[in-house]
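Here's the structure, in structure tokens; my notes come after.
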Amino acid sequence: MRHLPWHGPRIPAAPAVWVLAAALLAGCGVTATGPSRAGAPARGQRVEAQAHVFRVYFLTSRGIWPVARTAPEGAGPQGALDELLAGPAPSERARGLVTALPSGAHRVRARASRGAVDLYLPWLVSELDRTAVSQLVCTAAAAPGIPGGERPQDVVVRIHESGLRGEAWPVLCDGSGAAAPLNTGGRAR
């Protein structure tokens, strides 16, 4: 029978190696004193979105995704919607971002008021893909310059459809980046 070199007789490990291994395993840094107070909890102020940044909502293969773009000082919802209608930048398209909004020279007008944005669309909502409506609503709700300091998910976006008279359609941008209609109680359904 032939013995291969790796199947040869075992050589006992040096006692120093065993002592070193035991010392490393025993010295894991946990003491027997138990828990101790670490002090007061961390404190600070909530960090708000920068006033000079647009959050423009585009689409990926995984759903709606916000993209940060630099906004000029004093910019508001109209500037954010203009950025949205311009579409993804080449670097954003290279990352797979697209838009569901119709192509062409369209202008969505936006007017901000306390805790709300009125959107005046050049289309009927029924002509738009559902994700296009979410892109418009969430971009408007997250825009800087809306009086009242509401969180984007608390900003009411009132949609006025092209050629239709009557009341606007009030919606919110929910936490997942989708437009959610308001119910009679004033909150999203």
Side-chain angles (χ1 to χ4, degrees), residues 43-60 63-125 127-182 186-188:
R43 294 187 359 227
Q45 293 180 344
R46 182 176 164 205
V47 177
E48 296 294 328
Q50 293 180 351
H52 302 299
V53 174
F54 290 131
R55 207 170 6 170
V56 181
Y57 285 77
F58 291 116
L59 307 176
T60 70
I64 293 179
W65 191 258
V67 174
R69 294 210 177 149
T70 303
E73 188 170 339
Q78 185 64 58
L81 289 161
D82 291 345
E83 288 288 320
L84 173 65
L85 290 172
S91 62
E92 294 164 346
R93 280 193 304 273
R95 292 188 348 239
L97 296 168
V98 296
T99 184
L101 291 163
S103 60
H106 302 287
R107 174 113 170 142
V108 173
R109 291 182 301 121
R111 188 182 65 209
S113 59
R114 185 167 189 77
V117 177
D118 285 279
L119 292 185
Y120 299 89
L121 304 183
W123 319 277
L124 294 174
V125 170
E127 298 172 338
L128 296 173
D129 185 89
R130 182 179 184 162
T131 53
V133 174
S134 293
Q135 285 182 267
L136 290 163
V137 169
C138 291
T139 298
I146 300 171
E150 300 287 335
R151 298 176 310 158
Q153 61 266 32
D154 294 327
V155 172
V156 176
V157 177
R158 295 182 294 249
I159 297 177
H160 302 268
E161 299 177 85
S162 176
L164 294 182
R165 301 222 182 265
E167 290 194 32
W169 178 42
V171 295
L172 294 172
C173 177
D174 71 11
S176 68
L182 289 177
R187 300 306 313 158

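All residue numbers refer to positions in the sequence shown, counting from 1.
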Is there a side-chain contact between [X] and [Y], using heavy atoms and a 4.5 Å cut-off?
X: Leu136; Y: Trp123; answer: yes
X: Ile159; Y: Val133; answer: yes
X: Pro66; Y: Phe54; answer: no
X: Ser162; Y: His106; answer: no
X: Leu182; Y: Val171; answer: no

Which atom of [X] lies closest to which atom of [Y], heavy atoms considered:
X: Ala110; Y: Val117; value: CB-CG1, 4.2 Å
X: Ser113; Y: Ile146; value: O-CG2, 3.7 Å
X: Val53; Y: Ala71; value: N-CB, 3.8 Å
X: His52; Y: Glu73; value: CE1-CG, 3.1 Å

Problem set entry | Arg107/Asp82 ion pair, N-O < 4.0 Å | yes
Exercise. If only atom types and distance count, is the side chain of Glu150 paired as donor or acceptor with the main-chain N or O of Gly115 below 3.5 Å?
Worked result: no
Problem set entry | Exam field: side chain Ser134 to backbone Ala179, donor-acceptor pair closer than 3.5 Å | yes
Could you list the donor-acceptor pairs under 3.5 angstrom formed between side-chain atoms of residues 95-105 and any protein atom two or more places apart in sequence or on another chain?
{"unit_1": "Thr99", "atom_1": "OG1", "unit_2": "Leu101", "atom_2": "N", "d": "3.2"}
{"unit_1": "Thr99", "atom_1": "OG1", "unit_2": "Gln135", "atom_2": "OE1", "d": "3.4"}
{"unit_1": "Thr99", "atom_1": "OG1", "unit_2": "Gln135", "atom_2": "NE2", "d": "3.0"}

For this session: Would you please name every residue forming a side-chain hydrogen bond (donor to acceptor under 3.5 Å, both in side chains) with Arg111, sequence neighbours left out?
Result: Tyr120
Working to the nearest 0.5 Å, report the span between [atom1] of [X] and [atom2] of [Y].
X: Trp169; Y: Leu121; atom1: CH2; atom2: CG; result: 9.5 Å
X: Arg130; Y: Ile64; atom1: CZ; atom2: CD1; result: 9.5 Å
X: Glu167; Y: His160; atom1: CD; atom2: NE2; result: 10.0 Å

